[in-house]
Amino acid sequence: MTDIEAYRRKARSWLESVAPRYGRAARAGLSEEENLALGRAYLRERHAAGYAGINWPTEYGGQGLGHIEKVAFDTEEMPFGMPTAYFSISLGMPVPVLMRFCEDRQWVRERVLKALTGEEIWCQLFSEPAAGSDLAGLRTRAEPDGNGWKINGQKVWTSWAQYSDYGVIVVRTDPTVPKHKGLTYFWVDMKAPGVTVRPIKLAGGDSHVNEVFFDDVKVGDDHRMSPVGGGFAVAMATLMIERYVATDSAGFGPHLDLFVDLAKEMKLNGRPAIEDGRIRQQIARNYAMRSALDAITTRAMRMMQAGMEPGPEGSLNKLVSVRSRQKLSELALDLQGTAGLAFDAHAPVKQDWGVSWINAPTGRIAGGADEMLLNTIAEKILGLPQDYRPDKGVPFNQIPA
């Protein structure tokens, strides 16, 4: 048994021991507030057990292990349905970038420990109504104000902002230079005067994303985490700093076995749907696709074990898996006929075809839209040239709105 296999086995044993208190069954029927409280309790226990900040430096309260151990634990944790969603953005990007770019080491350590135990939550204030995939096109601005800055503007699709204590934000500090060069990166207190958070209700019924308004929000220059005008580089580091995450060839939707069970149960032309050649073809196609994606993940894991960094092939996993999840979920609903119209907004996304289908479009946008992933695949894997950019080198305030 290899060291990583032993680590996985030990992690799985611990997860099995706490799942009755924190897992999917324990969360059934809880309100949002109760679920969040359970999540905080789980993070405290996970931290005490040594499974928090697995690949973070020990000086900040992490475990000082490698990326491979982190991915191994995340992969083992995923099937249990633990209440970790509230903290995924916080621990995935803002807090790691804080450790890397914030200069007040003692303050950072306090924030990291509170984030690891669920006491504090961070959000990431990037996307705007007119700047989603094109982050450099953002319009929220920060202007000098005494010894600090004053922020005005709007961010949108900000996950868990309603529960966040702090956030990292990219704003425009100079509109007279090309768009990538006029941005600056700050951290901001989400409870500061002038910050307004409004949850957005999604089609699936949940409201984990928000629009956030900044009206003369004052921040000190000690909140700045990049050189003035150097915010885009830190923003890219934020998006890349957590490249090593657990993946799911099912697109974080129901397992293929559940579709096979459904096909055995449903009738098609008076016979079990599983006997229909078209249904069997879809099962075979999905099995082949998921096996290929699992092979890409295995290759990435072995590269990490060898001390190498996985390449851009990971873009294929999200692009293909979530698209196929959406199509398979739609087919599952079609097989159920009118029974497929029944909808339970609180059902687990990995167990319910209706919830999986209605939330799949969100998965195709969040964390990199399909179009961005296609560009990455085209440029980084296939070696194709970049798209034509008519705004390249043009001052931001001269780009037609």
Side-chain angles (χ1 to χ4, degrees), residues 89-91 93-115 119-132 135-177 179-200 209-239 395-397 401:
I89 298 294
S90 179
L91 299 175
M93 286 176 278
V95 177
V97 88
L98 192 73
M99 290 189 288
R100 180 170 172 181
F101 291 100
C102 193
E103 295 181 356
D104 188 341
R105 302 287 91 185
Q106 180 58 38
W107 185 83
V108 170
R109 179 175 170 77
E110 292 174 5
R111 302 283 74 73
V112 171
L113 287 173
K114 289 190 175 184
E119 184 177 345
E120 292 178 353
I121 299 175
W122 286 68
C123 62
Q124 179 176 296
L125 300 147
F126 279 17
S127 295
E128 298 184 4
L135 177 62
L138 61 85
R139 296 178 180 276
T140 296
R141 65 190 185 279
E143 301 169 330
D145 182 60
N147 294 325
W149 301 80
K150 183 172 60 179
I151 299 176
N152 283 280
Q154 178 188 0
K155 297 292 182 175
V156 74
W157 309 122
T158 307
S159 297
W160 308 117
Q162 69 269 52
Y163 300 125
S164 293
D165 302 280
Y166 301 98
V168 291
I169 185 170
V170 189
V171 294
R172 188 164 301 282
T173 49
D174 187 354
T176 67
V177 297
K179 61 183 183 180
H180 291 83
K181 297 182 179 180
L183 307 177
T184 305
Y185 197 109
F186 296 86
W187 67 264
V188 61
D189 184 347
M190 293 298 290
K191 312 300 182 186
V195 179
T196 303
V197 179
R198 297 178 184 171
I200 299 171
V209 295
N210 304 264
E211 54 182 351
V212 184
F213 298 88
F214 295 86
D215 297 295
D216 290 337
V217 177
K218 295 184 178 181
V219 297
D221 195 56
D222 57 349
H223 288 45
R224 182 165 53 84
M225 296 170 62
S226 75
V228 176
F232 190 77
V234 179
M236 290 299 98
T238 305
L239 298 175
F396 183 76
N397 58 4

| remark: Residues at least two apart in sequence or cross-chain that pass salt bridge (Lys or Arg N to Asp or Glu O under 4.0 Å) with Lys179, listed by chain then number, are Asp134, Asp391
| query | So which heavy atom on Met190 is nearest to which on Val195, and how close? | reply | O-CG1, 3.6 Å
| Leu98 CG to Trp107 CH2 distance, which is reported to the nearest 0.5 Å | 5.0 Å
| message | Tell me every residue that passes ring-ring contact (aromatic ring centres under 6.0 Å, His included) with Phe186, counting only those two or more places apart in sequence or in another chain. | response | Trp149
| field | Audit row: Arg111, Val95, side-chain contact (heavy atoms from CB on, under 4.5 Å) steps and yes/no | value | CA-CA 8 Å; Arg111 302 283 74 73; Val95 177; over 6 Å; no
| said: Asp221: which residues meet the salt bridge (Lys or Arg N to Asp or Glu O under 4.0 Å) condition with it, sequence neighbours left out? | reply: Arg224
| If we only count heavy atoms from C-beta on, is the Val234 to Arg100 side-chain gap below 4.5 Å? | no
| request: Side-chain contact test, heavy atoms from C-beta onward, threshold under 4.5 Å: evaluate it for Glu103 versus Asp222 and give yes or no. | output: no
| said: Once salt bridge (Lys or Arg N to Asp or Glu O under 4.0 Å) is applied, do any residues pair with Arg172, and if so which ones, sequence neighbours excluded? | reply: none
| Rounded to the nearest 0.5 Å, how far apart are CZ of Phe126 and OG1 of Thr140? | 12.0 Å
| query | Between Ala142 and Val171, what is the shortest heavy-atom contact and its length? | reply | CB-CG2, 3.5 Å
| message | If I take atom CG from residue Asn210 and atom OG1 from residue Thr158, how far apart are they, to the nearest 0.5 angstrom? | response | 6.5 Å
| message | Contact between Arg141 and Pro175 at the side-chain level, heavy atoms closer than 4.5 Å - yes or no? | response | no
| note | In this structure, CD1 of Ile121 is separated from NZ of Lys114 (nearest 0.5 Å) by 13.5 Å
| task | Please tell me if the side chains of Val188 and Val217 come closer than 4.5 Å, counting only heavy atoms from C-beta onward. | result | yes
| field | Val168 vs Tyr185, side-chain contact (heavy atoms from CB on, under 4.5 Å): CA-CA, chis, key distance, verdict | value | CA-CA 7 Å; Val168 291; Tyr185 197 109; 3.4 Å; yes
| ring-ring contact (aromatic ring centres under 6.0 Å, His included) involving Trp122 - partner list, sequence neighbours excluded | Tyr166
| field | Separation between CD1 of Ile169 and NZ of Lys155, rounded to the nearest 0.5 Å | value | 5.0 Å
| note | Residues Cys123 and Pro94: closest non-hydrogen pair is O-CG, 3.7 Å
| said: Could you tell me if the side chain of Val156 sits less than 4.5 Å from the side chain of Ile200, heavy atoms only? | reply: yes
| said: To check you understand the geometry: which heavy-atom pair defines the closest contact between Ala115 and Ser90, and what is its length? | reply: CB-OG, 4.4 Å
| said: With rounding to the nearest 0.5 angstrom, report the CD to CZ distance, Gln154 to Arg139. | reply: 12.5 Å
| query | What do the steps show when you test Met236 against Leu135 for side-chain contact (heavy atoms from CB on, under 4.5 Å), and what is the final call? | reply | CA-CA 10 Å; Met236 290 299 98; Leu135 177 62; 4.1 Å; yes
| query | Would you call Glu119 and Asp165 a side-chain contact if the rule is heavy atoms closer than 4.5 Å? | reply | no
| task | Kindly give the heavy-atom pair with the smallest separation between Ala131 and Gly137, and that separation in Å. | result | CB-C, 3.6 Å
| said: Once ring-ring contact (aromatic ring centres under 6.0 Å, His included) is applied, do any residues pair with Trp157, and if so which ones, sequence neighbours excluded? | reply: none
| Got Thr176 and Pro395 here, is their nearest side-chain heavy-atom distance under 4.5 Å? | no
| Looking only at heavy atoms, what is the nearest atom pair of Val212 and Ala161, with distance? | CG2-CB, 3.9 Å
| said: Between Thr184 and Gly229 (side chain of the first, backbone of the second, donor and acceptor by atom type, cut-off under 3.5 Å), is there such a pair? | reply: yes
| said: Could you check whether Thr238 and Gln124, counting side-chain N and O atoms only, form a donor-acceptor pair closer than 3.5 Å? | reply: no
